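Down below is the structure, laid out as structure tokens.
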Protein chains: 2
Amino acid sequence: MNTAIDPGSRASSYHHGDLREALLAAAETLLERGGVPALTLRAVARAAGVSHAAPAHHFGDLTGLLSELAAVGFTRLGAGFDAAMAGAGSEPAARLTAMGKAYVAFARAHPGLFVLMFRSERLDASRPALRDATTAAGLALRTAIARTRPSATDDAPLQAVARIAGLWSLVHGFSVLLIDNRLGGLLGALPPGDDPDTLLAAMLDAVSIEDGGRQVAD
Amino acid sequence: MNTAIDPGSRASSYHHGDLREALLAAAETLLERGGVPALTLRAVARAAGVSHAAPAHHFGDLTGLLSELAAVGFTRLGAGFDAAMAGAGSEPAARLTAMGKAYVAFARAHPGLFVLMFRSERLDASRPALRDATTAAGLALRTAIARTRPSATDDAPLQAVARIAGLWSLVHGFSVLLIDNRLGGLLGALPPGDDPDTLLAAMLDAVSIEDGGRQVAD
DNA sequence: GGATGATCTTGACAGTGACAAGATCGGGCG
DNA sequence: CGCCCGATCTTGTCACTGTCAAGATCATCC
């Protein structure tokens, strides 16, 4: 009668063996399938094949479970940044595009997780796992952006901060609007064959004009 | 015994008189006070001083109430756009800044409402009031952005769409991150005296470079 | 003045988070 | 080897929620 998502490992009768990870995996499946509202302590317990109170033992309460799951997401996002920066060349504009693409690609690949990661009213930001993961990902993002500008040191403080905040806002807002399907009309106005990736590249290209003097001028 | 937020108008015993508006007002108060989780059919009913099932008569279910409230928000946002465009001059860069400021100002003035407006899983986008309000606000936003570029007609389609999507994404992402307090570190790095408005202006200034040839070059 | 329909209340049911108490199991200590 | 202790999981319960059904109240129109 085990409706568990992962019935493998060592499902003894009582002690599960690795229930904590199984619960997180089940939660992620439910999240991507039904969004944040589907993330219920009891639903997660059902999906993992345990009693309704089992998750509380590992995560305390629902906020704890959601926070740990969000931490997984931030860790994964940070890893995506690192991979994108490692794969990109040394040219600033290319690095910037790679970073933006990594951000949006993560959001599109795991929309439920991405939404959860920024639903702060359901999370406990002071939880160590979440706090560490967010700061790590934020640091990776900021350094990645900072390195996409050749001569960043001579920027005025306001301009330097504006560059980071602007790019972050751009890719974050685009991800949110894309997931929410708010860009339907705009995407429909694109030339045939152009997808969101093309649009993102064009957006980043427009912003990166202030780099070495690259011009759009067709 | 009436714990209603608005005990005025004509609180007869049974028929409220304008319960629908009173419920929406109570809901907005609860929303701004406790965020989306505080928006409960029963809590709204309590705040309005009516029985727990009264809201269902006017809005059908919780999704209906949230959708109507979100519609109020979109209408207000659209009005903010119009006011900003009316108050701005004719210079493209100034109009763009005014539009962005109006967007972010609305989000900061009504953070709960703004968050609700984009929590699509709790809304019914097909509800007439919400559908009309969103399309009206979206149209106002797009035309406002389009008019911030002098020679918009000779843009390539991709660039034209990228300009609109980019600016929308920028102001939306900034609003979201600001409300979520994700920009704490960056705001702390600003020169003393600079606030989020200054940062937004700098961000928009950097983006608007591709306008008439305005340069940052200090 | 009475019927009719809109408006609001009362009551009930299933689902949820949270807590308390108990059952089960594994590992370490005698 | 036997036993105890703590971690793990279950069962039971309570308050709260959304939703529905049925009834009470009132305004309006004929």
Side-chain angles (χ1 to χ4, degrees), chain A residues 1-7 9-24 26-27 30-31 34-69 116 119 121-124 127, chain B residues 1-7 9-24 26-27 30-31 34-69 116 119 121-124 127:
Chain A
M1 215 63 51
N2 204 341
T3 57
I5 289 178
D6 176 17
S9 57
R10 47 187 282 246
S12 75
S13 58
Y14 217 93
H15 285 16
H16 184 282
D18 200 2
L19 182 57
R20 185 192 157 89
E21 294 307 314
L23 288 171
L24 284 176
L30 288 174
L31 174 61
V36 177
L39 273 188
T40 291
L41 273 183
R42 294 171 111 102
V44 171
R46 277 193 296 269
V50 292
S51 83
H52 68 263
H57 179 70
H58 291 276
F59 304 102
D61 54 3
L62 181 61
T63 299
L65 193 156
L66 301 188
S67 301
E68 295 294 322
L69 192 54
L116 173 68
R119 218 183 227 45
E121 87 251 9
R122 310 282 306 264
L123 305 177
D124 178 11
R127 213 163 228 260
Chain B
M1 213 67 52
N2 205 342
T3 59
I5 287 180
D6 176 18
S9 54
R10 47 190 280 248
S12 75
S13 59
Y14 216 92
H15 284 16
H16 186 281
D18 199 2
L19 182 56
R20 185 191 157 90
E21 294 306 315
L23 288 171
L24 284 176
L30 288 174
L31 175 62
V36 178
L39 273 188
T40 291
L41 273 183
R42 295 170 110 103
V44 171
R46 278 192 296 269
V50 291
S51 84
H52 68 264
H57 179 70
H58 290 276
F59 304 102
D61 55 2
L62 181 60
T63 299
L65 193 156
L66 301 188
S67 301
E68 295 295 322
L69 192 53
L116 173 68
R119 223 191 226 35
E121 88 250 9
R122 310 281 308 264
L123 305 178
D124 177 11
R127 214 161 225 261

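Since the structure is predicted, the reported quantities are computational estimates derived from the model, not experimental observations. Side chains included, hydrogens not; waters and symmetry mates left out as well; all remaining heavy atoms used.
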Within this structure, what is the [atom1]-to-[atom2] distance between [X] and [N], rounded to whole angstrom?
| X | N | atom1 | atom2 | answer |
| --- | --- | --- | --- | --- |
| B:L39 | D:dT17 | CG | C1' | 14 Å |
| B:E21 | C:dT7 | CD | P | 13 Å |
| B:L19 | D:dT25 | CG | P | 18 Å |
| B:L66 | D:dG18 | CG | C1' | 12 Å |

Completion exercise
Here the side chain to side chain donor-acceptor pair (under 3.5 Å) pairs for residues 56-69 of chain A, sequence neighbours left out, are A:R20-A:E68, A:E68-A:R127
Practice task
Can you sort out the partners of A:A38 under side chain to side chain contact (heavy atoms under 4.5 Å, CB included), two or more places apart, ordered by chain and number?
Solution key: none
Handout entry: All side chain to side chain contact (heavy atoms under 4.5 Å, CB included) counterparts of A:L41, not counting sequence neighbours
Key = A:P55, A:L62, A:L65
Exercise for the section: Determine, step by step, whether A:L23 and A:F59 satisfy the side chain to side chain contact (heavy atoms under 4.5 Å, CB included) criterion, reporting the C-alpha distance in whole Å, the side-chain angles of both residues, the deciding distance to 0.1 Å, and the verdict. Expected result: CA-CA 10 Å; A:L23 288 171; A:F59 304 102; 3.8 Å; yes
Fill in the blank from the handout: For B:D124, the side chain to side chain donor-acceptor pair (under 3.5 Å) test, sequence neighbours excluded, returns B:S126
Fill in the blank from the handout: Residues passing the side chain to side chain donor-acceptor pair (under 3.5 Å) test with B:E121, sequence neighbours excluded, are A:R119
Practice task
Decide yes or no, distance alone: a donor-acceptor N/O pair under 3.5 angstrom between the base of C:dG17 and the side-chain of A:R42.
Solution key: yes
Exercise for the section: Specify the residues of residues 52-64 of chain A, ordered by number, for which at least one heavy atom lies under 4.0 angstrom from an atom of DNA chain D. Expected result: A:H52, A:A53, A:A54, A:H57, A:H58
Practice task
May I ask you to verify if any side-chain N or O of B:R46 is less than 4.0 angstrom from the OP1 or OP2 atom of D:dT17?
Solution key: yes
